[in-house]
Amino acid sequence: MSSTVGKVIRCKAAVAWEAGKPLVIEQVEVAPPQAMEVRVKILITALCHTDVYFWETKGQTPVFPRIFGHEAAGIVESIGEGVTELKPGDHVLPIFTGECKECQHCKSEESNMCDLLRINTDRGVMLNDGKSRFSINGKPIYHFLGTSTFSEYTVVHVGCLAKINPAAPLDKVCILSCGLGATLNVAKPQKGSSVAIFGLGAVGLAAAEGARIAGASRIIGVDLNPSRFQQAKNFGVTEFVNPKDYDKVLIEMTGGGVDRSVECSGSFRAMISAFECVHDGWGVAVLVGVPNKDDAFKTHPMNFLNERTLKGTFFGNYKPRTDIPNVVEMYMRKELELEKFITHDVSLSEINKSFDYMLQGESLRGIIRMDA
C-alpha cells in the first residue's frame, strides 16, 4: 500500500446520485488524507437502517450525490499530518461519531458527545477544509457521517477511527452498534433483573444481547411484528408482548413494573410506555430510537416524583477510540455473540440487494464485501 501514499486512489464505490434511487457502482477518485485524517482501505462494510433512513431522505439529508455507509472494518492505508495513534497496516473500525480527546465531553467520564466530531448528518465534507475527498472527473461526491464506507477507500478524521485487535474477524466486528451499550452502559441492569426491550429490530436485539450479557433473568420483547419473536429468542429474549397490550400487561406480569426498559423503535408512544412501565422507586428507562421531529414526549410529573428515571443515549455512551476496542475484545473472549446478527452477505456490486432485504424486513445486518 506504500506506493499509493500521497497520491489520488481510483477505486470502486456505490454512489447515491439521488434520494431513494438505486446506488450505482462508479469509479471514484479518493484524495490523500489531510491533517488529522486517515485514508482507510475498506474490506467489509455493513448496511444499517440509518443508511436507509437518510438515503430515503426521511432524515432530510439534502446533499447528493453521496457515498453512504458507516459500519465497516478496514486497514489504514496512509495517515495525514498530526496523526500519531495510527500507522499504515493498523486494523480499524470507522465510527459515525468521534472522540477528539480534548473537549469537555471527551474528558468527561459521563459523556461521549464530542464537541468537534459529534454526529452530523447534513455535512458532506471534511472538517479540515470544508471539501470532499471523493470526486468523479472533478465533480465532488459528498461524505456521509464522516465515514462513507460504501467505497473501497475512504478518508476519515482520526477521531472517528477505533484501532482494534488485528486478530479480530473484520466481517464480524464491523457490525457493532449502539443497542449493546444502551443496555450495558446506560440502563445497567443488575444480575437477575427484568428488562423490557421495545422494538426487536437490529438495535433492539443488540439491546437484548446486552441484557443477556448483564445476566437479566427476564428479557421481555415488545414488538408489533409477531414474526420477530422466534428470532429474538436467540438473543436472550424470554417473553413477548404485543404493543396493543403492553401498558398494563408489563406492570402486571412483573409485579409493579420492569427494572429496566430500553426503547429502540423510535415511536414516541413506545417511548412513553417504556418509561411508564418501569417500577417506581428504582426503574430506569433508556431511549435509543430516533423520533420524528414533531413528536412530543408527555407523561405525568408524578412518574418522576415516584422515582422513575428517564435517560437518553447516543451510540450507547461508547467513546469510540477508548471503548470500542474493548467491545471487540468482549467478542474475542466469546462474551458477545455477533454472528447471529448477520442475515445477508453480498458483494459491493450487489449492494442494492442489501437495501432490498432491509426494506422488506428480511435483514438485521447485511454485510458487504469489497473483494467479492
Side-chain angles (χ1 to χ4, degrees), residues 177-291 295 297-313 316-317 335-337 340 364:
S177 64
C178 53
L180 182 71
T183 304
L184 291 176
N185 299 336
V186 186
K188 297 180 180 179
Q190 297 179 358
K191 187 175 182 178
S193 62
S194 59
V195 180
I197 307 294
F198 286 70
L200 297 177
V203 175
L205 294 177
E209 178 77 355
R212 181 193 67 79
I213 293 171
S217 61
R218 301 181 71 180
I219 305 174
I220 305 168
V222 183
D223 199 286
L224 284 166
N225 186 352
S227 68
R228 290 179 169 175
F229 293 167
Q230 187 63 35
Q231 183 181 50
K233 291 180 180 180
N234 296 327
F235 297 83
V237 174
T238 58
E239 301 159 73
F240 306 97
V241 172
N242 191 304
K244 68 180 182 181
D245 303 321
Y246 60 58
D247 286 328
K248 294 181 179 179
V249 169
L250 281 178
I251 293 174
E252 293 172 357
M253 67 191 292
T254 55
V258 294
D259 300 309
R260 301 288 188 267
S261 70
V262 185
E263 197 293 314
C264 303
S265 74
S267 163
F268 77 94
R269 292 183 179 86
M271 293 178 178
I272 295 169
S273 296
F275 175 57
E276 293 180 350
C277 80
V278 298
H279 208 293
D280 58 2
W282 62 79
V284 177
V286 178
L287 306 185
V288 181
V290 180
D295 287 343
F297 186 99
K298 298 179 181 179
T299 190
H300 197 282
M302 282 304 298
N303 287 317
F304 292 97
L305 297 176
N306 285 335
E307 300 186 5
R308 295 178 178 89
T309 300
L310 179 65
K311 294 183 176 183
T313 183
N317 203 232
E335 298 170 8
L336 169 63
E337 300 173 7
K340 58 192 178 184
L364 290 178

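- Taking 4.5 Å as the limit, some side-chain heavy atom of Leu305 sits within range of a side-chain heavy atom of Met302.
- Shortest non-hydrogen contact noted between Thr183 and Ala207 is OG1-O, 2.9 Å.
- Considering Asn185, Thr309, Val278, Val186 as possible partners of Val286, the one that fulfils the side-chain contact (heavy atoms from CB on, under 4.5 Å) test is Val186.
- Of the candidates Val241, Ile197, Leu200, Val237, Asp223 forms a side-chain contact (heavy atoms from CB on, under 4.5 Å) with just one, namely Leu200.
- Between Arg218 atom CZ and Met253 atom CE the span is 5.0 Å, to the nearest 0.5 Å.
- Atom CG of Asn317 and atom NZ of Lys188 lie 8.0 Å apart (nearest 0.5 Å).
- The closest side-chain heavy-atom distance from Ile220 to Thr254 is below 4.5 Å.
- Only one option out of Leu310, Val288, Leu287, Thr299 pairs with Met271 in a side-chain contact (heavy atoms from CB on, under 4.5 Å); it is Leu287.
- Of the possible polar contacts, one joining the Arg260 side chain to the Ala187 backbone as a donor-acceptor pair under 3.5 Å is found.
- Between the side chain of Ser265 and the main chain of Gly199, no donor-acceptor pair closer than 3.5 Å is present.
- The distance from atom CG of Asn242 to atom CG of Asn225, rounded to the nearest 0.5 Å, is 10.0 Å.
- Annotation for Ala214 and Leu184: closest pair CB-CD2, 4.1 Å, computed over non-hydrogen atoms.
- Here the closest non-hydrogen pair linking Arg212 and Ile219 is N-CD1, 3.6 Å.
- The closest donor-acceptor contact from the side chain of Ser194 to the backbone of Asp259 lies under 3.5 Å.
- Residue Arg308 comes nearest to Glu276 through the heavy atom pair NE-O, 4.1 Å, listed as atom of the first residue, atom of the second, then distance.
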Determine whether Leu205 and Gln231 satisfy the following criterion, side-chain contact (heavy atoms from CB on, under 4.5 Å), listing intermediate values before the conclusion. CA-CA 9 Å; Leu205 294 177; Gln231 183 181 50; 4.1 Å; yes
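- When side chains are defined from C-beta on, Lys311 counts as touching Val284, because their heavy atoms get closer than 4.5 Å.
- Distance alone, capped at 3.5 Å, is enough to place a donor-acceptor pair between the Glu263 side chain and the Gly266 backbone.
- Within the 4.5 Å cutoff, the side chain of Phe240 has heavy atoms near those of the Lys233 side chain.
- At least one side-chain heavy atom of Cys277 sits less than 4.5 Å from a side-chain heavy atom of Phe198.
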